[in-house]
Chemist: 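Below is the structure I would like to discuss, written out as structure tokens.
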Amino acid sequence: MSLEKQRVATYADIEALPPNMVGQILYGVLYAQPRPAPRHARASSILGGELIGPFDQGRDGPGGWILLDEPELHLADHVVVPDIVGWRAERFPNAAAESQAYLSIAPDWVSEVLSPSTQQIDRTDKLSIYASFGVAHAWYIDPLAQTLEVLERDGSTYKIASTFKNSDNVCAPPFEAHTFCLANLWLPSASSTES
């Protein structure tokens, strides 16, 4: 029995993907999945809408954050695409220094919307990468189970800081200055399909 060394994925592998696919390289392995289904996109979009006003724009909130949807992050040899990320404004890369189409400074907060096709790597490899690059907070939103898990970095791993379900009011780190109803993230009907 011969053991073949697995080829390490490169950025050229991501560039070769069809335009409807999102590519990531985690620990040298290429992962590709189609763009999110409506249930996933709704949860991500509404969460961004809840947080951008008070935290990115400073409307009815403290400001001090830069929030982005689906940025491509190059963290050493890893290429990750979280659903939403946030940097404290003082840590956000200077636009003149970051002229490429990706960012190379780890965010302070990430949010992943779980789907059956992505939750395995979201909860394992990506979370491990986030921890190793010092991401302080990670949120996992599950639109099928209608839950939110709030994780805080604890050394080299994460601990659950709080959990929310269905229509709970969410007030969670690092965004405790704003409360929103979790039910806003869910599609009003179950007629959409999930990726």
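Residues: numbered from 1 along the sequence shown.
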Chemist: Just jot down the side chain to side chain donor-acceptor pair (under 3.5 Å) partners of Gln57, sequence neighbours excluded, or say none.
Modeler: none
Chemist: Rounded at 0.5 Å granularity, tell me how far CD1 in Ile141 sits from CH2 in Trp186.
Modeler: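 If I round to the nearest 0.5 Å, the distance is 6.5 Å.
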Chemist: Hey, does Gln24 have a side-chain heavy atom less than 4.5 Å from the side chain of Lys126?
Modeler: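 When only atoms from C-beta onward are counted, Gln24 and Lys126 do touch, with a gap below 4.5 Å.
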Chemist: Answer whether the closest heavy-atom distance between the side chains of Leu103 and His74 falls below 4.5 Å.
Modeler: no
Chemist: Roughly how far, to the nearest 0.5 Å, is the CZ atom of Arg42 from the CG atom of Leu187?
Modeler: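 It comes to 6.0 Å.
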Chemist: Are Glu72 and Tyr11 linked by a side-chain donor-acceptor pair shorter than 3.5 Å?
Modeler: yes
Chemist: Are the side chains of Glu50 and His178 in contact, using a 4.5 Å heavy-atom criterion?
Modeler: yes
Chemist: Once rounded to the nearest 0.5 Å, what's the spacing between atom CD of Glu112 and atom CD of Gln119?
Modeler: 11.5 Å
Chemist: Is there side-chain contact between Asp168 and Cys181, with at least one heavy-atom pair below 4.5 Å?
Modeler: no
Chemist: Kindly state whether the ring of Trp109 and the ring of Trp139 have centres lying under 6.0 angstrom apart.
Modeler: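 Yes.
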Chemist: Quick one about His40 and Asp83 (side-chain donor to acceptor, distance below 3.5 Å, no hydrogens or angles considered), yes or no?
Modeler: yes
Chemist: Pick out which of Ile25, Ile14, Ile121 makes a side-chain contact (heavy atoms from CB on, under 4.5 Å) with Tyr31.
Modeler: Ile121
Chemist: For a 4.5 angstrom cut-off between non-hydrogen side-chain atoms, does Tyr140 reach Leu148?
Modeler: no
